2 protein chains.
Amino acid sequence: MKVLVVDDEQTILETVETKLRREGFTVFTAESAEEGMRIFRQAKPDLLVLDVMLPSRSGLDLCKAIRRDSKVPIIFLTARASEEDRIAGLDIGADDYIVKPFNLGELAARVKAVMRRSGIENPQEVIECGNIRIDPKTHEATIDGRSMNLSPKEFALMYFLAKHQGQVFSRDTLLDRVWGPESFVSARTVDVHIRWLRERIESSASNPQRLVTVRGVGYKFIG
Amino acid sequence: MKVLVVDDEQTILETVETKLRREGFTVFTAESAEEGMRIFRQAKPDLLVLDVMLPSRSGLDLCKAIRRDSKVPIIFLTARASEEDRIAGLDIGADDYIVKPFNLGELAARVKAVMRRSGIENPQEVIECGNIRIDPKTHEATIDGRSMNLSPKEFALMYFLAKHQGQVFSRDTLLDRVWGPESFVSARTVDVHIRWLRERIESSASNPQRLVTVRGVGYKFIG
DNA sequence: GCAAGTGTTAACGATCTCTTAACCGAATCT
DNA sequence: AGATTCGGTTAAGAGATCGTTAACACTTGC
């Protein structure tokens with residue numbers, strides 16, 4: 001889930017970024033409206049956090065510009081608690097409003113709340129391939145109807161591979177997409193998790209049929 | 001799903017009515033507290049949208065009067081963002097709060113959110129799963145026919161989990177949807193309430209069968 | 001005002017999970 | 001064949017998460 005934060009104060013930018021990353025979001029930052037617009041187009045974030053007061057072009061302008069193309073949810077930050085700001089923001093189509101200085105936990109909570117309201121939650125599809133079934137809603141992975149009892153990482157990895165069955169992923173790619181772009185983890189860690197997954201879904205450990213190694217490249221799951 | 005909107009400004013009344021109708025609600029409108037009370041009794045709406053400032057009798061008074069008879073969810077509209085209003089409203093038993101002028105989409109979203117939180121999607125539905133029965137009308141939860149003697153929060157949490165049985169919810173989501181979006185409570189608070197619920201419905205405390213922990217994610221109830 | 005009940009938080013320990021490093025064998029390259 | 005790279009496996013320690021309890025503030029009803 002990608003969030004773009006636009007604010008001209010570096011310290012705010014950094015603390016917000018850290019907090020949101022810690023909450024599991026992929027965070028992009030920009031220090032001006034122009035930069036924000038550019039990154040918005042490139043990164044296609046799922047939610048925006050905009051400072052109302054920006055040096056050249058105001059956050060409200062940026063909001064207007066973005067609203068022409070997109071219905072992405074927007075949360076405003078403002079130093080003043082003035083009514084005009086609030087009014088202008090909500091009129092333009094902001095989804096929420098936070099007055100600086102704000103509590104970081106509150107910001108994170110609002111980001112999540114807005115996402116939930118806007119119905120952007122992860123599409124939570126059930127994945128079935130052969131005798132394996134993975135339901136992210138109940139967070140249950142079963143093989144032949146029996147629970148696989150996966151740990152969080154195992155579940156995430158299994159879900160990702162099953163969702164893109166057949167496709168090969170390098171260890172680095174898996175780290176990026178399953179562990180998250182923030183994680184600084186040795187690539188060999190993936191091997192260990194693959195091993196644990198094989199223990200659950202492969203009948204013959206020495207000859208994997210479904211979690212297949214592609215030597216020199218990575219791993220893939222065959223449904 | 002019926003919504004009653006009470007506001008003395010006709011323009012607001014009309015735009016809100018149009019929007020909510022478009023969203024699939026059956027809308028009733030009133031321009032004064034007295035009229036609102038009358039229509040409330042007749043139409044029995046599932047949710048109220050009340051302006052705080054009304055000519056003769058204030059929206060807060062109307063809210064109080066209605067609260068004596070009913071637990072219908074109420075969303076307040078106010079021109080001022082003052083804290084006192086907010087506090088007064090939430091004290092009386094409002095479910096949410098919107099500052100005028102507001103974004104119509106936001107209003108619709110909040111109406112839906114409040115309905116979801118209040119569990120009104122299927123108004124006052126009795127939930128039964130296995131030997132557990134939860135009746136929100138009488139506010140009674142029984143297991144094997146014996147009352148579980150739940151506190152208010154315990155009841156709300158139990159009801160929510162039972163209503164969405166099988167589905168996993170993070171602590172944050174539970175806080176948002178059971179405690180409400182305005183509450184800033186430590187996530188670990190959920191643990192304690194889960195523990196208390198387990199005391200009532202689990203035979204073996206060390207090995208929960210129904211209120212299951214999904215490590216790294218949250219909790220779910222298995223019916 | 002007092003007592004009982006309720007909700008929240010902090011702390012600690014127990015448990016589970018993740019990561020790393022090391023070693024070994026298998027595959028690949030020269 | 002020998003060297004080298006790559007992947008499999010294991011175990012141990014670090015780290016995160018969860019369960020549980022107790023203390024406290026707060027509310028409610030008597």
Side-chain angles (χ1 to χ4, degrees), chain A residues 21-24 103 105 109 139 141 147-158 160 168-172 174-176 178-180 182-202 204-220, chain B residues 87 90-93 139 141 147-158 160 168-172 174-176 178-180 182-202 204-220:
Chain A
R21 272 203 213 293
R22 210 169 279 154
E23 296 287 330
N103 173 293
H139 209 271
S147 169
M148 291 169 66
N149 268 98
L150 302 182
S151 78
K153 271 278 149 50
E154 284 165 25
F155 186 90
L157 179 57
M158 187 71 238
F160 180 81
V168 188
F169 294 98
S170 72
R171 292 174 176 73
D172 279 342
L174 288 174
L175 284 180
D176 196 55
V178 177
W179 271 251
E182 304 308 315
S183 71
F184 297 95
V185 171
S186 148
R188 299 302 309 278
T189 299
V190 176
D191 300 25
V192 179
H193 286 270
I194 290 284
R195 153 114 180 71
W196 289 337
L197 280 180
R198 280 178 176 156
E199 224 164 50
R200 322 262 176 163
I201 72 178
E202 297 285 0
S204 157
S206 58
N207 183 27
Q209 298 293 307
R210 312 193 65 178
L211 274 175
V212 183
T213 302
V214 181
R215 181 163 251 267
V217 185
Y219 298 98
K220 69 177 169 182
Chain B
I87 289 164
L90 294 178
D91 258 2
I92 287 176
H139 208 270
S147 168
M148 291 168 67
N149 269 97
L150 302 183
S151 77
K153 271 279 148 50
E154 283 166 24
F155 184 88
L157 179 57
M158 187 70 237
F160 180 81
V168 187
F169 295 97
S170 72
R171 292 173 175 75
D172 278 345
L174 289 174
L175 285 180
D176 195 54
V178 176
W179 271 251
E182 304 293 334
S183 76
F184 294 94
V185 171
S186 150
R188 299 301 308 277
T189 299
V190 177
D191 300 26
V192 179
H193 285 269
I194 289 284
R195 153 119 178 67
W196 290 337
L197 281 180
R198 277 178 178 157
E199 227 163 48
R200 322 262 176 163
I201 72 178
E202 297 285 359
S204 157
S206 58
N207 182 29
Q209 298 293 307
R210 312 192 66 179
L211 274 175
V212 182
T213 302
V214 180
R215 184 167 253 266
V217 185
Y219 297 99
K220 68 179 170 182

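From a predicted model like this one, the values you see are computed outputs, not experimental measurements. Chain naming here is simple, since letters A, B, ... match the order of the sequence lines and numbering starts at 1 in each.
Using a 4.0 Å heavy-atom criterion, one finds that A:Thr213 contacts the sugar-phosphate atoms exclusively. Among the protein residues, B:Trp196 comes within range of the nucleic acid bases, having at least one heavy atom under 4.0 Å from a base atom. Contacts of B:Phe155 with the nucleic acid, taken as non-hydrogen atoms under 4.0 Å apart, are absent. Residue B:Thr189 is in base contact, counting any heavy-atom pair closer than 4.0 Å across all strands shown.
With rounding to whole Å, A:Leu150 atom CG is found 14 Å from C:dC16 atom C1'. At whole-Å resolution of the value, CG in B:Asn149 and C1' in C:dA4 are 14 Å apart. Per the geometry, NE2 belonging to B:His193 stands 16 Å off P belonging to D:dT21, to the nearest Å. Distance A:His139 NE2 to C:dT17 C1': 13 Å, rounded to the nearest Å. Distance A:Leu197 CG to D:dG8 P: 13 Å, rounded to the nearest Å. Atom pair B:Glu199:CD and D:dG19:C1' shows a separation of 12 Å (rounding to whole Å applied). When rounded to the nearest whole Å, the span between CD1 of B:Ile194 and P of C:dG7 equals 14 Å. Atom pair B:Glu154:CD and C:dT6:P shows a separation of 7 Å (rounding to whole Å applied).
In this structure, the side chains of B:Phe169 and B:Val178 stay at 4.5 Å or more apart for every pair of heavy atoms.
When the nucleotides C:dC18, D:dT9, D:dG19 are ranked by their closest atom to the side chain of A:Asp191, D:dT9 comes out on top. In this structure, the nucleotide among C:dT9, C:dT17, C:dT6 sitting nearest to the side chain of A:Pro152 is C:dT17. Distance from the side chain of A:Arg198 is smallest for D:dG8 among the nucleotides C:dT19, D:dG8, C:dC18. Between D:dT10, C:dT8, D:dG7, one nucleotide has an atom nearer to the side chain of A:Tyr219 than all others, and that is D:dG7.
Going from atom CG of A:Leu157 over to atom CG of A:Leu150 covers 9.5 Å, rounded to the nearest 0.5 Å.
One can find a donor-acceptor pair under 3.5 Å joining the base of D:dT17 and the side-chain atoms of B:Arg215. One N or O donor and one acceptor, one from the side chain of B:Arg188 and one from the base of D:dG19, sit under 3.5 Å apart.
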